[in-house]
Amino acid sequence: MGKMQPLLCALGLSLLTMGAAGAQSVDQLTEDAAELERLLDALRAPDLETWEATENKIIGIWARSGSATADLMLERAQTALEEEDYSLAVEHLSALIDHAPDFAEAWHTRATAFYHLGEHGLALGDLRQALALNPDHFGALTGLGVVLEELGDYDAALAAMRMAYALNPHRDRVGAAIERLRYALGRATL
């Protein structure tokens, strides 16, 4: 059940956050869960030539809460992030988390905003919550590794980066972070 647990959490989240308007059907949620499992399996292959498209499809599924209201709140927060208005992004995301506390992407995105505000402790808390809700979230694992490295916890940062790499071995910066952390810890290179 290990691989299915995050999918079931995502399915349960979507069922909990459904509103009458714009709610996804149970059939659509089941299809999304099956598609997500297929995409995650494909992304783990180091020789996947279409990894960027696969990664984007995964992120797209993670960004769908099942609630039109929650999805709109996430879009507004992402726009604020793109405009580097991190405080506004935190406001939108805090409201979203109040509305849909089991929506992992809201926690991950707010962690990003907190990170840009220099609030590493708050970012860590949100990343941990995102990962509790979606252990396969390679973006949250990467973010966790970045924050832990900046805080000087190289062992934990390396563990997070290795987990992110196992899920998505295609991001050069993750591989580079693993090498850098191994070096910092005095270990041999891969």
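Note that the structure is predicted; figures quoted are calculated from it, not measured.
Going from atom CG of D136 over to atom CD of E37 covers 9.5 Å, rounded to the nearest 0.5 Å. Distance check: N134 CG to L141 CG gives 9.0 Å after rounding to the nearest 0.5 Å. Put simply, CH2 on W51 and NE2 on H170 are 7.5 Å apart, with the number rounded to the nearest 0.5 Å. With rounding to the nearest 0.5 Å, the separation of OG1 in T54 from CG in L48 is 4.5 Å. H99 NE2 to L72 CG: the interatomic distance, rounded to the nearest 0.5 Å, is 10.0 Å. Here the CD1 atom belonging to I61 is positioned 8.0 Å from the CG atom belonging to L40, to the nearest 0.5 angstrom.
L93 approaches A106 most closely through the heavy-atom pair CD2-O, 3.9 Å. Across A89 and A80, no two heavy atoms sit closer than the pair N-CB, 3.7 Å. Heavy atoms only, all atoms of each residue included: A140 and A130 are closest at CB-CB, 4.3 Å. For the residue pair A166 and R44, the shortest heavy atom distance occurs at O-CG, 3.5 Å.
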- Task: Using the side-chain contact (heavy atoms from CB on, under 4.5 Å) rule, take H137 and I59 through it: C-alpha gap first, then chi angles, then the decisive distance, then the call.
- Result: CA-CA 9 Å; H137 201 302; I59 292 168; over 6 Å; no
- Task: Carefully, step by step, assess T142 and R171 under the rule side-chain hydrogen bond (donor to acceptor under 3.5 Å, both in side chains).
- Result: CA-CA 10 Å; T142 302; R171 289 279 170 195; over 6 Å; no
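Listed by first and then second residue, the side chain to side chain donor-acceptor pair (under 3.5 Å) pairs involving residues 78-88 amount to none (not counting sequence neighbours).
In terms of hydrophobic clustering, with Ile, Leu, Val, Met, Phe, Trp and Tyr side chains grouped at heavy-atom distances under 4.5 Å, L127 and L122 are assigned to different clusters. Note on L43 and L167: same hydrophobic cluster, where clusters join Ile, Leu, Val, Met, Phe, Trp and Tyr whose side-chain heavy atoms are under 4.5 Å apart, directly or indirectly. Side-chain heavy atoms closer than 4.5 Å link hydrophobic residues (I, L, V, M, F, W, Y) into clusters, and following such links, even through other members, never connects L96 to L88. Cluster annotation: F114 and I97 are assigned to distinct hydrophobic clusters (Ile/Leu/Val/Met/Phe/Trp/Tyr, side-chain heavy-atom contacts under 4.5 Å, transitive). By the rule that hydrophobic residues join a cluster once side-chain heavy atoms approach within less than 4.5 Å of another member, L158 and Y154 end up as members of one cluster.
Counted within 6.0 Å of CZ on R76, heavy atoms from surrounding residues, nucleotides or ligands total 12 or fewer; the atom is thus considered open. More than 12 heavy-atom neighbours from other residues, nucleotides or ligands sit within 6.0 angstrom of CG on D98.
The aromatic ring centres of F103 and W62 sit 6.0 Å or more apart.
In this view, H92 satisfies the ring pair (Phe, Tyr, Trp, His ring centres under 6.0 Å) rule with no residue, not counting sequence neighbours.
For the pair I58 and L36, the minimum side-chain heavy-atom distance is below 4.5 Å. Side chains of E119 and V90 form no contact here, defined as non-hydrogen atoms less than 4.5 Å apart. In this structure the side chain of N168 reaches within 4.5 angstrom of the side chain of E55, judged on heavy atoms. R182 places a side-chain heavy atom less than 4.5 Å from the side chain of R162. Side-chain contact check for R110 versus W107: some heavy-atom pair is nearer than 4.5 Å. Side-chain contact between P135 and L131: absent, with no pair of heavy atoms (C-beta onward) separated by less than 4.5 Å. Looking at R180 and E149, their side chains come closer than 4.5 Å, going by heavy atoms from C-beta outward.
When each of L124, L148, V147 is paired with D153, the side chain to side chain contact (heavy atoms under 4.5 Å, CB included) condition holds for L148 and for no other.
For the pair D71 (side chain) and S65 (backbone), a donor-acceptor distance under 3.5 Å is present. The backbone N or O of A53 lies less than 3.5 Å from no partner atom in the side chain of T50, so there is not a single donor-acceptor pair.
A donor-acceptor pair shorter than 3.5 Å can be found between the side chains of E150 and H120.
Classification of E105 and R64 as a salt-bridged pair fails, no side-chain N sitting under 4.0 Å from a carboxylate O.
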